[in-house]
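I have placed the structure first, in the form of structure tokens, so that the comments after it can refer back to it.
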Amino acid sequence: MAKKPHYWLIKSEPNAFSIDDLFNSPDQTESWDGVRNYQARNMMRDEMHLGDLVLFYHSSCKPPGIVGIAEVSRTAYPDHTAWDPNSPYFDAKSTPEHPRWFMVDIKFYKKYSRIISLDELKQQPELCEMPLVKRGSRLSIMPVTQQQWDIINKLAD
DNA sequence: GCCAACGTTGGC
DNA sequence: GCCAACGTTGGC
């Protein structure tokens, strides 16, 4: 059985929530709510451990890329925004008794001195297996291998 | 703003 | 349970 990943990558639109927003959050911590994709949910709920490190990726901006690192500070618990009719993430099929969606808390860990752009990531042959660099990949949460982690952090130095 | 990719929905 | 239609993501 393969070793469970302890590194991750999450996407966020900086217009909505950037790594600076995370830095400025109370206790530099924010709940990662609004995930409404089963594959992403399952990884978050079943495989994210306390202390796992997470690459913070800015999407839908110029340029898209990895801007820093966050840390999982609380493991999965029900995403209550699914129960709020006024929330954009409302889902009538999720109830407190049978929650369908989950979230974790992440805490600011570090911000890179520069953005590692998607373009630069694509130029690394060793990163070609990352879902991120593949055409049409829409996964908002994905595992990152130790090797990929090391390469990316070396680029950030 | 375009559109390819792909996940979800719903009729049958 | 198939699959066409639809909606969303996200780079360009």
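Residue numbering restarts at 1 for every chain, and letters A, B, ... go by the order of the sequence lines.
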Sub-4.0 Å heavy-atom contacts from residues 32-45 of chain A onto DNA chain C, ordered by number: none
Do D84(A) and Y89(A) meet the criterion of a side-chain donor-acceptor pair at a distance under 3.5 Å? no
To the nearest Å, give me how far apart [atom1] ([X]) and [atom2] ([N]) are.
X: M142(A); N: dG7(B); atom1: CE; atom2: C1'; value: 15 Å
X: D91(A); N: dG7(C); atom1: CG; atom2: C1'; value: 15 Å
X: R138(A); N: dT8(C); atom1: CZ; atom2: C1'; value: 5 Å
X: L132(A); N: dG11(C); atom1: CG; atom2: P; value: 8 Å
X: I141(A); N: dG7(B); atom1: CD1; atom2: P; value: 15 Å
X: R135(A); N: dG10(C); atom1: CZ; atom2: C1'; value: 12 Å
X: L139(A); N: dT8(C); atom1: CG; atom2: P; value: 18 Å
X: I66(A); N: dG11(C); atom1: CD1; atom2: C1'; value: 15 Å

Winner on side-chain proximity to K122(A), out of dC12(C), dG10(C), dT8(C), is dC12(C)
With F23(A) as partner, the option from F108(A), Y109(A), F56(A), F17(A) fulfilling ring pair (Phe, Tyr, Trp, His ring centres under 6.0 Å) is F108(A)
Electrostatic pair [X]-[Y], nearest N-O below 4.0 angstrom:
X: R36(A); Y: D79(A); value: yes
X: R114(A); Y: E120(A); value: yes
X: E129(A); Y: K134(A); value: yes

Which pair of non-hydrogen atoms, one from [X] and one from [Y], has the smallest distance, and what is that distance?
X: D21(A); Y: A16(A); result: OD2-O, 4.1 Å
X: Y77(A); Y: D105(A); result: OH-OD1, 2.5 Å
X: H58(A); Y: S18(A); result: NE2-CA, 3.5 Å

Does a side-chain N or O of K11(A) approach OP1 or OP2 of dT9(C) to a distance below 4.0 Å, or not? no
Under 4.0 Å from OP1 or OP2 of dG11(C): is there any side-chain N or O of Y57(A) that close? yes
Protein N or O to nucleotides 2-6 of chain C N or O, pairs below 3.5 Å:
none

Ring centres under 6.0 angstrom apart (W101(A), Y38(A)): yes
